[in-house]
Amino acid sequence: MTTTVLVVDDDEHFRALARSLLEPIGIVVVEASGVRDGLASMKLHSVDAVIMDLLLPNEDGVEAVHNFKTLYPEVRVVAVSGAAASALYLGISSSAGADAALPKSQIEQLCPLLKGLLEL
């Protein structure tokens, strides 16, 4: 069974970094630069998890976490943030339904985190 992860982030370098970590362990990565693109991708791909940046231009990442979990409750959502106040945003994300939260500065923990969430 193939595992697919959607990475929603406006920073193409972060998306590429996530891809470089996930593809070597056999995870298919789908990328989206924003929430609308991410939701459209969900209709095209069978996604197991979403990596959601909480600070997106003109979009509310915390609200997006809630929307993804409402529309796709079986999909695991990992909130990420690299903002100076990331602890605050990441804390709020759990109340919106995020299954886990990860500061971008700890990106090396992404694979173990996903393996635990998805029971890989």
Side-chain angles (χ1 to χ4, degrees):
M1 185 173 125
T2 302
T3 300
T4 302
V5 172
L6 170 64
V7 180
V8 181
D9 198 308
D10 61 308
D11 180 350
E12 69 179 273
H13 297 292
F14 180 80
R15 294 192 314 265
L17 178 58
R19 179 181 292 278
S20 73
L21 292 170
L22 298 174
E23 285 183 339
I25 64 167
I27 294 177
V28 174
V29 176
V30 177
E31 296 180 29
S33 61
V35 176
R36 287 184 200 148
D37 290 343
L39 288 169
S41 293
M42 294 292 288
K43 294 178 183 177
L44 299 173
H45 304 278
S46 177
V47 173
D48 300 291
V50 175
I51 311 299
M52 171 61 66
D53 185 15
L54 296 179
L55 293 176
L56 297 163
N58 305 314
E59 297 179 293
D60 182 339
V62 174
E63 182 180 332
V65 167
H66 175 75
N67 291 341
F68 273 91
K69 288 301 287 186
T70 299
L71 294 169
Y72 304 98
E74 72 285 355
V75 172
R76 299 291 176 238
V77 176
V78 177
V80 296
S81 178
S86 64
L88 172 66
Y89 292 113
L90 293 171
I92 293 169
S93 70
S94 65
S95 65
D99 296 287
L102 185 69
K104 287 184 177 180
S105 63
Q106 296 177 13
I107 189 65
E108 72 279 356
Q109 295 300 314
L110 183 59
C111 291
L113 179 66
L114 281 174
K115 284 181 177 180
L117 283 175
L118 299 174
E119 300 177 1
L120 300 176

Does any part of the side chain of Tyr72, heavy atoms only, come nearer than 4.5 Å to the side chain of Val77, both counted from C-beta? no
Give me each pair satisfying salt bridge (charged side-chain N to carboxylate O under 4.0 Å, His left out) with a member in residues 111-120, each pair once, sequence neighbours excluded. none
Nearest heavy atoms of Tyr89 and Ser81, plus distance in Å: CD1-OG, 4.4 Å
Kindly give the heavy-atom pair with the smallest separation between Leu6 and Met42, and that separation in Å. CD2-SD, 3.7 Å
Please name all residues satisfying side chain to side chain donor-acceptor pair (under 3.5 Å) with Asp99, sequence neighbours left out, ordered by chain then number. Lys69
Val8, Leu118: one ILVMFWY side-chain cluster at the under-4.5 Å cut-off? no
Apply side-chain contact (heavy atoms from CB on, under 4.5 Å) to Leu71 and list each qualifying residue two or more places apart in sequence or on a separate chain. Leu39
Same cluster (ILVMFWY, side-chain, under 4.5 Å), Phe68 and Val30: yes
Work out which heavy atom in Ser94 is nearest to a heavy atom in Gly91; give both atom names and the distance. OG-O, 2.9 Å
Check Thr4 against Ser46 and note the closest heavy-atom contact, atom names and distance. CB-O, 3.4 Å
Quick check: closest heavy atoms across Gly97 and Val65, and the distance to 0.1 Å? C-CG1, 4.0 Å
Qualifying side chain to side chain donor-acceptor pair (under 3.5 Å) pairs with a residue from residues 20-29, counting only residues at least two apart or across chains: Arg19-Glu23
Transitive ILVMFWY side-chain link Leu113 to Val29, under 4.5 Å: yes
Do Val47 and Val80 sit in the same hydrophobic cluster, where Ile, Leu, Val, Met, Phe, Trp and Tyr count as joined when their side-chain heavy atoms come under 4.5 Å apart? no
Closest non-hydrogen contact found for Cys111 with Leu22 is SG-CD2, 3.9 Å
Side-chain cluster (under 4.5 Å, hydrophobic types only) that Val28 belongs to, other residues: none
Side chain to side chain, Leu114 and Ile25, heavy atoms closer than 4.5 Å: no
Hits for side-chain contact (heavy atoms from CB on, under 4.5 Å) against Arg15, two or more places apart or cross-chain, chain-then-number order -> Val7, Asp9, Glu12, Glu31, Ser33
Show me the donor-acceptor pairs, under 3.5 Å and distance only, between side chains in residues 49-61 and residues at least two apart or in other chains.
residue: Asp53; atom: OD1; partner: Leu55; partner atom: N; Å: 3.4
residue: Glu59; atom: OE1; partner: Val35; partner atom: N; Å: 3.2
residue: Glu59; atom: OE2; partner: Val35; partner atom: N; Å: 3.1
residue: Asp60; atom: OD1; partner: Val62; partner atom: N; Å: 2.9
residue: Asp60; atom: OD1; partner: Glu63; partner atom: N; Å: 3.1

Listed once per pair and sorted, the salt bridge (charged side-chain N to carboxylate O under 4.0 Å, His left out) pairs that draw on residues 34-52, sequence neighbours left out: none
Test log, rule side-chain contact (heavy atoms from CB on, under 4.5 Å), inputs Val5 and Val78: CA-CA 10 Å; Val5 172; Val78 177; over 6 Å; no
Ser105: what forms a side-chain contact (heavy atoms from CB on, under 4.5 Å) with it, not counting sequence neighbours? Pro103
Sequence-distant partners of Ser95, side-chain contact (heavy atoms from CB on, under 4.5 Å), two or more places apart: Ile92
